[in-house]
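So the structure is just underneath, and the comments pick up after that.
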Amino acid sequence: MKRILAFLAIIANVVLYTASAQTDECEQKFEAYELNIKSHLYGNAESQLKNLVKQCAKYNSEIYVYGEELYLYKIESSRTDESKSENITALLQLFDDYEKSFPGNGSAVRKAMLLKKYDLAKDDEVYKMLDGFYKTHKDKFVDYDALQTYFMLYLEKFESGESNITTQDFIKKYADIAAQVSYAKTTLLDKKTALLQKQQSEMLTDKEKQMVEKADNNADALDAVADNIKILASKHFSCSALSEYYSKDFDKNKENVTWLQAAATVLYDNKCYDSGVLHKIAATAYQLKQGAEQAYMMGMLEVKNGKIKESISYFEKSAAMQVDERVKANEYYHLATLLKNTDKAKAKQYALKAADTNNSFAKPYILLANMYSSVIKNECNLNDFERKALLFLAIEVLDKAEIAEPKYKATVAALKEEYSQNLPSKDEAKVAGYKRGKQIEYGCWINETVKLPKL
(Lines give C-alpha, C1' and ligand atoms only; values in the text may rest on other atoms or scores of the structure.)
Protein backbone atom coordinates (compact mmCIF):
# COMPACT_ATOMS: atom_id res chain seq x y z
CA MET A 1 0.00 0.00 0.00
CA LYS A 2 2.84 2.38 0.89
CA ARG A 3 4.45 1.67 -2.48
CA ILE A 4 1.21 2.50 -4.27
CA LEU A 5 0.82 5.77 -2.35
CA ALA A 6 4.43 6.69 -3.04
CA PHE A 7 3.93 5.95 -6.74
CA LEU A 8 0.80 8.08 -6.87
CA ALA A 9 2.62 10.92 -5.15
CA ILE A 10 5.38 10.73 -7.75
CA ILE A 11 2.81 10.79 -10.57
CA ALA A 12 1.05 13.80 -9.01
CA ASN A 13 4.33 15.68 -8.71
CA VAL A 14 5.17 14.90 -12.32
CA VAL A 15 1.76 16.17 -13.46
CA LEU A 16 2.12 19.36 -11.40
CA TYR A 17 5.65 19.93 -12.67
CA THR A 18 4.55 19.37 -16.26
CA ALA A 19 1.60 21.76 -15.88
CA SER A 20 3.82 24.38 -14.27
CA ALA A 21 6.44 24.01 -16.98
CA GLN A 22 3.76 24.34 -19.67
CA THR A 23 2.35 27.47 -18.00
CA ASP A 24 5.81 29.03 -17.87
CA GLU A 25 6.37 28.18 -21.52
CA CYS A 26 2.98 29.65 -22.50
CA GLU A 27 3.75 32.79 -20.54
CA GLN A 28 7.03 33.30 -22.37
CA LYS A 29 5.43 32.69 -25.75
CA PHE A 30 2.55 35.04 -24.97
CA GLU A 31 4.82 37.85 -23.80
CA ALA A 32 6.88 37.62 -26.99
CA TYR A 33 3.68 37.60 -29.05
CA GLU A 34 2.20 40.54 -27.14
CA LEU A 35 5.36 42.58 -27.67
CA ASN A 36 5.20 42.04 -31.43
CA ILE A 37 1.52 43.01 -31.54
CA LYS A 38 2.11 46.19 -29.55
CA SER A 39 5.06 46.99 -31.84
CA HIS A 40 2.81 46.37 -34.88
CA LEU A 41 5.15 43.61 -36.08
CA TYR A 42 2.22 41.58 -37.33
CA GLY A 43 4.28 39.43 -39.68
CA ASN A 44 6.29 38.06 -36.75
CA ALA A 45 3.21 37.73 -34.57
CA GLU A 46 1.13 35.59 -36.94
CA SER A 47 3.24 32.44 -36.58
CA GLN A 48 3.35 32.99 -32.81
CA LEU A 49 -0.47 33.29 -32.77
CA LYS A 50 -0.92 29.96 -34.54
CA ASN A 51 1.45 28.29 -32.11
CA LEU A 52 -0.30 29.76 -29.08
CA VAL A 53 -3.75 28.70 -30.32
CA LYS A 54 -2.41 25.19 -30.85
CA GLN A 55 -0.43 24.77 -27.62
CA CYS A 56 -1.74 27.36 -25.15
CA ALA A 57 -5.34 27.85 -26.28
CA LYS A 58 -6.76 28.64 -22.84
CA TYR A 59 -3.78 30.48 -21.37
CA ASN A 60 -5.07 34.02 -21.94
CA SER A 61 -8.07 35.43 -23.82
CA GLU A 62 -5.86 38.28 -25.06
CA ILE A 63 -4.31 35.78 -27.47
CA TYR A 64 -7.49 36.08 -29.53
CA VAL A 65 -8.09 39.78 -28.92
CA TYR A 66 -4.63 40.54 -30.30
CA GLY A 67 -5.21 38.02 -33.07
CA GLU A 68 -8.31 39.87 -34.18
CA GLU A 69 -6.30 43.09 -34.34
CA LEU A 70 -3.66 41.28 -36.41
CA TYR A 71 -6.06 39.86 -38.98
CA LEU A 72 -8.13 43.03 -39.28
CA TYR A 73 -4.92 44.85 -40.14
CA LYS A 74 -4.00 42.19 -42.69
CA ILE A 75 -7.48 42.28 -44.23
CA GLU A 76 -7.38 46.05 -44.64
CA SER A 77 -3.85 46.02 -46.06
CA SER A 78 -4.34 43.06 -48.42
CA ARG A 79 -3.26 43.90 -51.95
CA THR A 80 -5.15 41.12 -53.70
CA ASP A 81 -8.62 39.62 -53.35
CA GLU A 82 -7.03 36.23 -52.72
CA SER A 83 -4.94 37.57 -49.85
CA LYS A 84 -7.95 39.36 -48.35
CA SER A 85 -10.04 36.18 -48.60
CA GLU A 86 -7.32 34.12 -46.87
CA ASN A 87 -7.12 36.59 -43.99
CA ILE A 88 -10.89 36.75 -43.60
CA THR A 89 -10.98 32.95 -43.44
CA ALA A 90 -8.20 32.97 -40.86
CA LEU A 91 -10.10 35.50 -38.72
CA LEU A 92 -13.32 33.50 -38.94
CA GLN A 93 -11.41 30.44 -37.72
CA LEU A 94 -9.86 32.49 -34.92
CA PHE A 95 -13.35 33.51 -33.78
CA ASP A 96 -14.31 29.82 -33.63
CA ASP A 97 -11.17 29.00 -31.65
CA TYR A 98 -11.85 31.88 -29.28
CA GLU A 99 -15.42 30.70 -28.66
CA LYS A 100 -14.19 27.16 -28.05
CA SER A 101 -11.61 28.21 -25.45
CA PHE A 102 -13.58 31.07 -23.87
CA PRO A 103 -17.31 30.46 -24.50
CA GLY A 104 -19.66 33.44 -24.60
CA ASN A 105 -16.94 36.04 -25.13
CA GLY A 106 -18.75 37.83 -27.95
CA SER A 107 -16.66 36.54 -30.84
CA ALA A 108 -19.79 34.90 -32.27
CA VAL A 109 -21.25 38.39 -32.78
CA ARG A 110 -18.07 39.67 -34.42
CA LYS A 111 -18.02 36.62 -36.66
CA ALA A 112 -21.60 37.33 -37.76
CA MET A 113 -20.71 40.96 -38.46
CA LEU A 114 -17.65 39.94 -40.48
CA LEU A 115 -19.74 37.54 -42.57
CA LYS A 116 -22.30 40.31 -43.11
CA LYS A 117 -19.68 42.90 -44.06
CA TYR A 118 -18.13 40.72 -46.79
CA ASP A 119 -21.39 39.08 -47.96
CA LEU A 120 -20.17 35.63 -46.96
CA ALA A 121 -23.49 34.51 -45.48
CA LYS A 122 -27.18 35.06 -46.18
CA ASP A 123 -29.00 37.58 -44.02
CA ASP A 124 -31.08 34.82 -42.41
CA GLU A 125 -27.90 33.06 -41.29
CA VAL A 126 -26.42 36.26 -39.88
CA TYR A 127 -29.68 37.02 -38.08
CA LYS A 128 -29.76 33.53 -36.53
CA MET A 129 -26.20 33.97 -35.27
CA LEU A 130 -26.99 37.33 -33.68
CA ASP A 131 -30.32 36.13 -32.31
CA GLY A 132 -28.69 33.03 -30.85
CA PHE A 133 -26.09 35.06 -28.99
CA TYR A 134 -28.72 37.54 -27.79
CA LYS A 135 -30.79 34.72 -26.31
CA THR A 136 -27.88 32.93 -24.61
CA HIS A 137 -25.56 35.80 -23.63
CA LYS A 138 -27.80 38.85 -23.48
CA ASP A 139 -25.62 40.61 -20.91
CA LYS A 140 -22.70 40.60 -23.36
CA PHE A 141 -24.61 41.76 -26.44
CA VAL A 142 -23.59 45.42 -26.22
CA ASP A 143 -21.90 46.26 -29.55
CA TYR A 144 -23.73 49.21 -31.12
CA ASP A 145 -23.11 48.13 -34.71
CA ALA A 146 -24.32 44.59 -34.04
CA LEU A 147 -27.41 45.83 -32.20
CA GLN A 148 -28.41 48.00 -35.14
CA THR A 149 -27.77 45.18 -37.62
CA TYR A 150 -29.82 42.79 -35.47
CA PHE A 151 -32.77 45.17 -35.56
CA MET A 152 -32.42 45.99 -39.25
CA LEU A 153 -32.44 42.33 -40.25
CA TYR A 154 -35.58 41.73 -38.19
CA LEU A 155 -37.23 44.85 -39.64
CA GLU A 156 -36.55 43.59 -43.16
CA LYS A 157 -38.13 40.24 -42.30
CA PHE A 158 -41.18 41.98 -40.84
CA GLU A 159 -41.65 44.44 -43.70
CA SER A 160 -41.22 41.74 -46.34
CA GLY A 161 -44.34 40.00 -45.03
CA GLU A 162 -42.76 36.62 -45.71
CA SER A 163 -42.00 35.57 -42.13
CA ASN A 164 -45.48 35.70 -40.57
CA ILE A 165 -44.28 38.23 -37.99
CA THR A 166 -47.27 39.94 -36.40
CA THR A 167 -47.33 43.58 -35.31
CA GLN A 168 -47.29 42.42 -31.69
CA ASP A 169 -44.21 40.29 -32.44
CA PHE A 170 -42.55 43.31 -33.99
CA ILE A 171 -43.37 45.58 -31.04
CA LYS A 172 -41.89 43.00 -28.68
CA LYS A 173 -38.71 42.65 -30.72
CA TYR A 174 -38.29 46.40 -31.09
CA ALA A 175 -38.88 46.92 -27.36
CA ASP A 176 -36.38 44.18 -26.51
CA ILE A 177 -33.65 45.54 -28.78
CA ALA A 178 -34.29 49.17 -27.77
CA ALA A 179 -34.07 48.11 -24.12
CA GLN A 180 -30.84 46.27 -24.91
CA VAL A 181 -29.38 49.45 -26.42
CA SER A 182 -30.32 51.31 -23.24
CA TYR A 183 -28.76 48.55 -21.14
CA ALA A 184 -25.58 48.66 -23.22
CA LYS A 185 -25.22 52.41 -22.68
CA THR A 186 -25.93 52.18 -18.95
CA THR A 187 -23.41 49.36 -18.58
CA LEU A 188 -20.81 51.30 -20.53
CA LEU A 189 -21.21 54.48 -18.49
CA ASP A 190 -21.27 52.54 -15.21
CA LYS A 191 -17.93 50.97 -16.14
CA LYS A 192 -16.54 54.37 -17.03
CA THR A 193 -17.74 55.82 -13.72
CA ALA A 194 -16.13 52.95 -11.80
CA LEU A 195 -12.84 53.50 -13.60
CA LEU A 196 -12.92 57.26 -12.96
CA GLN A 197 -13.44 56.52 -9.27
CA LYS A 198 -10.61 54.00 -9.33
CA GLN A 199 -8.38 56.56 -11.01
CA GLN A 200 -8.61 58.79 -7.95
CA SER A 201 -6.62 56.30 -5.87
CA GLU A 202 -4.64 54.14 -8.29
CA MET A 203 -3.25 54.00 -11.81
CA LEU A 204 -5.41 52.59 -14.58
CA THR A 205 -4.05 49.98 -16.96
CA ASP A 206 -3.57 50.93 -20.62
CA LYS A 207 -6.68 48.91 -21.47
CA GLU A 208 -8.72 50.72 -18.82
CA LYS A 209 -7.49 54.12 -20.02
CA GLN A 210 -8.50 53.22 -23.55
CA MET A 211 -11.93 52.19 -22.32
CA VAL A 212 -12.43 55.56 -20.57
CA GLU A 213 -11.26 57.45 -23.67
CA LYS A 214 -13.66 55.60 -25.95
CA ALA A 215 -16.65 55.54 -23.60
CA ASP A 216 -18.20 58.86 -24.65
CA ASN A 217 -17.94 58.13 -28.37
CA ASN A 218 -19.42 54.66 -27.87
CA ALA A 219 -22.23 56.12 -25.76
CA ASP A 220 -22.97 58.65 -28.52
CA ALA A 221 -23.01 55.79 -31.05
CA LEU A 222 -25.53 53.89 -28.90
CA ASP A 223 -27.68 57.05 -28.75
CA ALA A 224 -27.57 57.19 -32.53
CA VAL A 225 -28.64 53.54 -32.76
CA ALA A 226 -31.54 54.21 -30.37
CA ASP A 227 -32.65 57.14 -32.56
CA ASN A 228 -32.26 55.19 -35.79
CA ILE A 229 -34.27 52.15 -34.74
CA LYS A 230 -36.92 54.35 -33.11
CA ILE A 231 -37.46 56.30 -36.33
CA LEU A 232 -37.62 53.14 -38.44
CA ALA A 233 -39.87 51.26 -36.05
CA SER A 234 -42.28 53.99 -34.96
CA LYS A 235 -44.24 53.98 -38.21
CA HIS A 236 -45.42 50.46 -37.33
CA PHE A 237 -46.95 51.18 -33.92
CA SER A 238 -48.32 53.91 -31.65
CA CYS A 239 -47.48 55.02 -28.11
CA SER A 240 -50.61 53.28 -26.89
CA ALA A 241 -49.42 49.96 -28.36
CA LEU A 242 -45.96 50.41 -26.81
CA SER A 243 -47.50 51.35 -23.47
CA GLU A 244 -49.78 48.32 -23.59
CA TYR A 245 -46.79 46.06 -24.22
CA TYR A 246 -44.86 47.40 -21.23
CA SER A 247 -47.95 47.46 -19.04
CA LYS A 248 -48.43 43.71 -19.50
CA ASP A 249 -44.86 43.00 -18.36
CA PHE A 250 -44.76 45.53 -15.53
CA ASP A 251 -45.83 43.30 -12.62
CA LYS A 252 -43.21 40.64 -13.28
CA ASN A 253 -40.49 43.30 -13.63
CA LYS A 254 -41.52 45.82 -11.01
CA GLU A 255 -38.45 45.05 -8.90
CA ASN A 256 -36.04 44.84 -11.85
CA VAL A 257 -34.37 48.26 -12.08
CA THR A 258 -32.57 47.40 -15.31
CA TRP A 259 -35.84 46.50 -17.05
CA LEU A 260 -37.69 49.47 -15.59
CA GLN A 261 -35.04 52.00 -16.62
CA ALA A 262 -34.74 50.55 -20.12
CA ALA A 263 -38.54 50.53 -20.55
CA ALA A 264 -38.79 54.14 -19.35
CA THR A 265 -36.04 55.15 -21.78
CA VAL A 266 -37.76 53.47 -24.74
CA LEU A 267 -41.11 55.09 -23.95
CA TYR A 268 -39.47 58.47 -23.40
CA ASP A 269 -37.43 58.23 -26.61
CA ASN A 270 -40.65 57.52 -28.50
CA LYS A 271 -42.14 60.74 -27.04
CA CYS A 272 -44.83 58.90 -25.09
CA TYR A 273 -44.78 61.69 -22.52
CA ASP A 274 -48.50 61.44 -21.75
CA SER A 275 -48.31 57.73 -21.07
CA GLY A 276 -49.33 56.83 -17.54
CA VAL A 277 -47.28 53.66 -17.94
CA LEU A 278 -44.13 55.69 -18.54
CA HIS A 279 -44.64 57.70 -15.35
CA LYS A 280 -45.47 54.56 -13.37
CA ILE A 281 -42.38 52.74 -14.60
CA ALA A 282 -40.05 55.73 -14.09
CA ALA A 283 -41.37 56.38 -10.57
CA THR A 284 -40.95 52.72 -9.64
CA ALA A 285 -37.37 52.70 -10.94
CA TYR A 286 -36.63 55.83 -8.91
CA GLN A 287 -38.11 54.31 -5.74
CA LEU A 288 -35.92 51.22 -6.13
CA LYS A 289 -32.72 53.01 -7.01
CA GLN A 290 -32.41 56.74 -6.58
CA GLY A 291 -29.40 56.91 -8.85
CA ALA A 292 -28.33 59.62 -11.28
CA GLU A 293 -30.02 58.02 -14.28
CA GLN A 294 -33.33 57.47 -12.45
CA ALA A 295 -33.32 61.01 -11.01
CA TYR A 296 -32.59 62.54 -14.41
CA MET A 297 -35.49 60.66 -16.01
CA MET A 298 -37.86 61.89 -13.28
CA GLY A 299 -36.64 65.44 -13.85
CA MET A 300 -37.22 65.21 -17.59
CA LEU A 301 -40.75 63.89 -17.08
CA GLU A 302 -41.55 66.80 -14.78
CA VAL A 303 -40.29 69.20 -17.46
CA LYS A 304 -42.47 67.54 -20.09
CA ASN A 305 -45.44 68.05 -17.77
CA GLY A 306 -44.59 71.73 -17.43
CA LYS A 307 -43.48 71.33 -13.82
CA ILE A 308 -40.12 73.07 -14.05
CA LYS A 309 -39.96 73.90 -10.34
CA GLU A 310 -40.58 70.26 -9.37
CA SER A 311 -37.92 69.03 -11.81
CA ILE A 312 -35.08 71.01 -10.23
CA SER A 313 -34.54 68.77 -7.19
CA TYR A 314 -34.28 65.70 -9.42
CA PHE A 315 -31.73 67.34 -11.69
CA GLU A 316 -29.74 68.60 -8.70
CA LYS A 317 -29.64 65.09 -7.26
CA SER A 318 -28.58 63.63 -10.60
CA ALA A 319 -25.80 66.19 -11.11
CA ALA A 320 -24.47 65.71 -7.58
CA MET A 321 -24.09 61.95 -8.15
CA GLN A 322 -22.27 62.23 -11.47
CA VAL A 323 -18.56 61.33 -11.43
CA ASP A 324 -17.86 62.19 -15.06
CA GLU A 325 -17.07 65.92 -15.12
CA ARG A 326 -18.41 66.36 -18.63
CA VAL A 327 -21.78 64.86 -17.72
CA LYS A 328 -21.93 66.75 -14.41
CA ALA A 329 -21.19 70.05 -16.18
CA ASN A 330 -23.85 69.36 -18.83
CA GLU A 331 -26.43 68.75 -16.13
CA TYR A 332 -25.55 71.97 -14.30
CA TYR A 333 -25.81 73.81 -17.63
CA HIS A 334 -29.20 72.19 -18.22
CA LEU A 335 -30.34 73.48 -14.83
CA ALA A 336 -29.14 76.97 -15.77
CA THR A 337 -31.14 76.94 -19.02
CA LEU A 338 -34.27 75.82 -17.17
CA LEU A 339 -34.02 78.65 -14.65
CA LYS A 340 -32.75 81.52 -16.83
CA ASN A 341 -36.21 83.08 -17.14
CA THR A 342 -37.62 82.36 -13.68
CA ASP A 343 -34.70 82.51 -11.25
CA LYS A 344 -31.73 84.29 -12.80
CA ALA A 345 -29.63 84.16 -9.63
CA LYS A 346 -29.90 80.37 -9.53
CA ALA A 347 -29.37 80.14 -13.28
CA LYS A 348 -26.14 82.11 -12.99
CA GLN A 349 -25.02 79.94 -10.08
CA TYR A 350 -25.51 76.77 -12.11
CA ALA A 351 -23.88 78.24 -15.21
CA LEU A 352 -20.77 79.08 -13.18
CA LYS A 353 -20.85 75.61 -11.62
CA ALA A 354 -20.95 74.09 -15.09
CA ALA A 355 -17.98 76.19 -16.23
CA ASP A 356 -16.00 75.39 -13.07
CA THR A 357 -16.71 71.67 -13.37
CA ASN A 358 -15.57 71.47 -16.99
CA ASN A 359 -13.13 74.23 -17.97
CA SER A 360 -13.43 73.22 -21.63
CA PHE A 361 -17.11 74.12 -21.81
CA ALA A 362 -18.13 77.30 -23.64
CA LYS A 363 -21.92 77.14 -23.44
CA PRO A 364 -22.25 78.32 -19.81
CA TYR A 365 -20.33 81.51 -20.66
CA ILE A 366 -22.42 82.11 -23.77
CA LEU A 367 -25.55 81.66 -21.67
CA LEU A 368 -24.29 84.20 -19.13
CA ALA A 369 -23.43 86.68 -21.88
CA ASN A 370 -26.94 86.28 -23.26
CA MET A 371 -28.43 86.88 -19.81
CA TYR A 372 -26.37 90.06 -19.31
CA SER A 373 -27.18 91.38 -22.78
CA SER A 374 -30.91 90.79 -22.48
CA VAL A 375 -31.55 92.67 -19.25
CA ILE A 376 -34.77 94.60 -19.80
CA LYS A 377 -35.60 98.18 -18.86
CA ASN A 378 -35.99 98.76 -15.12
CA GLU A 379 -34.72 95.24 -14.30
CA CYS A 380 -32.65 95.35 -11.08
CA ASN A 381 -33.43 99.10 -10.95
CA LEU A 382 -30.85 99.88 -13.66
CA ASN A 383 -30.98 103.02 -15.75
CA ASP A 384 -30.40 102.92 -19.51
CA PHE A 385 -26.69 103.66 -19.24
CA GLU A 386 -26.07 100.96 -16.63
CA ARG A 387 -28.05 98.48 -18.69
CA LYS A 388 -25.96 99.23 -21.78
CA ALA A 389 -22.72 99.09 -19.77
CA LEU A 390 -23.55 95.49 -18.88
CA LEU A 391 -22.58 94.64 -22.46
CA PHE A 392 -18.94 95.19 -21.46
CA LEU A 393 -19.40 92.34 -18.99
CA ALA A 394 -21.12 90.23 -21.64
CA ILE A 395 -18.16 90.72 -24.01
CA GLU A 396 -15.71 89.87 -21.23
CA VAL A 397 -17.57 86.63 -20.54
CA LEU A 398 -17.55 85.76 -24.25
CA ASP A 399 -13.74 85.91 -24.18
CA LYS A 400 -13.84 83.13 -21.58
CA ALA A 401 -16.11 81.08 -23.84
CA GLU A 402 -13.62 81.25 -26.71
CA ILE A 403 -10.74 80.26 -24.42
CA ALA A 404 -12.74 77.31 -23.10
CA GLU A 405 -13.69 76.03 -26.57
CA PRO A 406 -11.94 77.68 -29.52
CA LYS A 407 -14.44 76.06 -31.92
CA TYR A 408 -16.92 78.74 -30.79
CA LYS A 409 -14.71 81.50 -32.19
CA ALA A 410 -17.15 82.41 -34.98
CA THR A 411 -20.13 82.44 -32.59
CA VAL A 412 -18.24 84.62 -30.13
CA ALA A 413 -17.18 87.05 -32.87
CA ALA A 414 -20.76 87.41 -34.13
CA LEU A 415 -22.11 88.07 -30.64
CA LYS A 416 -19.35 90.57 -29.86
CA GLU A 417 -20.17 92.48 -33.02
CA GLU A 418 -23.85 92.54 -32.07
CA TYR A 419 -23.13 93.73 -28.52
CA SER A 420 -20.58 96.34 -29.65
CA GLN A 421 -23.23 98.09 -31.71
CA ASN A 422 -25.24 98.76 -28.55
CA LEU A 423 -22.47 99.83 -26.16
CA PRO A 424 -22.99 103.19 -24.40
CA SER A 425 -21.49 106.27 -26.05
CA LYS A 426 -19.21 108.86 -24.49
CA ASP A 427 -22.04 111.40 -24.47
CA GLU A 428 -24.35 108.94 -22.69
CA ALA A 429 -21.67 108.38 -20.05
CA LYS A 430 -21.27 112.10 -19.56
CA VAL A 431 -25.01 112.60 -19.13
CA ALA A 432 -25.15 109.70 -16.65
CA GLY A 433 -22.19 111.10 -14.71
CA TYR A 434 -19.74 108.30 -15.52
CA LYS A 435 -16.20 108.59 -16.84
CA ARG A 436 -13.40 106.23 -17.82
CA GLY A 437 -12.14 104.04 -14.99
CA LYS A 438 -15.20 104.43 -12.83
CA GLN A 439 -16.68 101.21 -11.51
CA ILE A 440 -20.33 100.32 -11.73
CA GLU A 441 -21.46 98.02 -8.94
CA TYR A 442 -24.29 95.71 -9.96
CA GLY A 443 -26.36 94.01 -7.31
CA CYS A 444 -29.50 91.94 -7.79
CA TRP A 445 -28.87 88.60 -9.55
CA ILE A 446 -25.96 90.10 -11.54
CA ASN A 447 -23.72 90.77 -8.53
CA GLU A 448 -20.73 91.94 -10.60
CA THR A 449 -18.52 95.03 -11.02
CA VAL A 450 -17.84 96.64 -14.38
CA LYS A 451 -14.92 99.06 -14.82
CA LEU A 452 -15.68 101.48 -17.63
CA PRO A 453 -13.09 101.49 -20.44
CA LYS A 454 -12.39 104.42 -22.72
CA LEU A 455 -15.57 105.23 -24.66
Side-chain angles (χ1 to χ4, degrees), residues 26-27 29-153 184 188 206-207 210-211 213-214 217-218 221-222 225:
C26 287
E27 183 178 3
K29 289 180 177 179
F30 176 76
E31 287 177 353
Y33 165 67
E34 183 178 44
L35 181 61
N36 278 328
I37 290 289
K38 289 185 174 180
S39 302
H40 305 297
L41 300 174
Y42 297 120
N44 297 340
E46 186 173 11
S47 59
Q48 293 172 316
L49 169 61
K50 291 177 180 178
N51 188 267
L52 282 165
V53 171
K54 186 176 180 180
Q55 298 181 6
C56 307
K58 297 183 179 182
Y59 171 72
N60 191 323
S61 63
E62 291 293 302
I63 291 171
Y64 305 94
V65 175
Y66 288 141
E68 183 177 356
E69 177 186 329
L70 183 158
Y71 282 121
L72 286 175
Y73 170 80
K74 293 195 71 177
I75 290 168
E76 292 300 320
S77 58
S78 295
R79 295 185 178 181
T80 66
D81 291 341
E82 183 181 2
S83 173
K84 177 174 281 193
S85 179
E86 288 174 358
N87 288 309
I88 291 172
T89 301
L91 180 53
L92 291 170
Q93 181 59 53
L94 183 72
F95 285 143
D96 289 339
D97 293 333
Y98 192 5
E99 182 62 27
K100 184 178 178 181
S101 296
F102 297 91
N105 61 75
S107 58
V109 170
R110 294 195 294 282
K111 179 179 179 180
M113 296 302 290
L114 189 68
L115 290 169
K116 172 71 174 169
K117 180 177 181 178
Y118 292 103
D119 295 320
L120 297 174
K122 293 182 179 179
D123 283 350
D124 275 349
E125 184 182 348
V126 174
Y127 175 78
K128 286 176 183 177
M129 292 173 70
L130 294 174
D131 190 48
F133 190 82
Y134 173 77
K135 289 175 178 176
T136 56
H137 298 91
K138 189 175 178 179
D139 60 322
K140 296 179 182 177
F141 199 152
V142 293
D143 180 84
Y144 58 83
D145 197 16
L147 282 163
Q148 176 151 302
T149 299
Y150 183 38
F151 173 77
M152 292 298 295
L153 291 174
L188 173 70
D206 289 342
K207 191 173 182 179
Q210 190 177 51
M211 189 272 161
E213 289 171 1
K214 291 183 176 180
N217 286 338
N218 288 339
L222 285 164
V225 171

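The aromatic rings of Phe133 and His137 lie parallel to each other, their planes meeting at an angle below 30°, with 60° marking the opposite boundary. Ring planes of Phe141 and Tyr134: perpendicular class, angle over 60° (limits at 30 and 60°).
Ion pairing between Glu76 and Lys117 holds under the 4.0 Å rule for side-chain N and carboxylate O. Between Lys135 and Asp131 there is a salt bridge, since a side-chain N of the basic residue sits under 4.0 Å from a carboxylate O of the acidic one. Comment: Lys74 engages Glu46 in a salt bridge, judged by a side-chain N to carboxylate O separation of less than 4.0 angstrom.
Judged as a side chain to side chain donor-acceptor pair (under 3.5 Å), and not counting sequence neighbours, the contacts of Lys116 are Asp123. With sequence neighbours left out, Asp124 forms a side chain to side chain donor-acceptor pair (under 3.5 Å) with no residue at all.
Contact check for Tyr118 versus Lys84: side-chain heavy atoms found under the 4.5 Å cut-off. The closest side-chain heavy-atom distance from Glu34 to Asn60 is not below 4.5 Å. A heavy-atom distance below 4.5 Å is found between the side chains of Glu69 and His40.
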For side chain to side chain donor-acceptor pair (under 3.5 Å), just list the numbers for Ser77 and Tyr42, CA-CA rounded to whole Å, side-chain angles, deciding distance to a tenth of an Å, and then say yes or no. CA-CA 12 Å; Ser77 58; Tyr42 297 120; over 6 Å; no
Would you give me the side-chain donor-acceptor pairs under 3.5 Å for residues 85-94, sequence neighbours excluded?
| from | atom 1 | to | atom 2 | distance (Å) |
| --- | --- | --- | --- | --- |
| Asn87 | ND2 | Ser78 | OG | 3.3 |
| Asn87 | ND2 | Ser83 | O | 3.0 |
| Thr89 | OG1 | Ser85 | O | 2.9 |
| Gln93 | NE2 | Asp97 | OD1 | 3.1 |

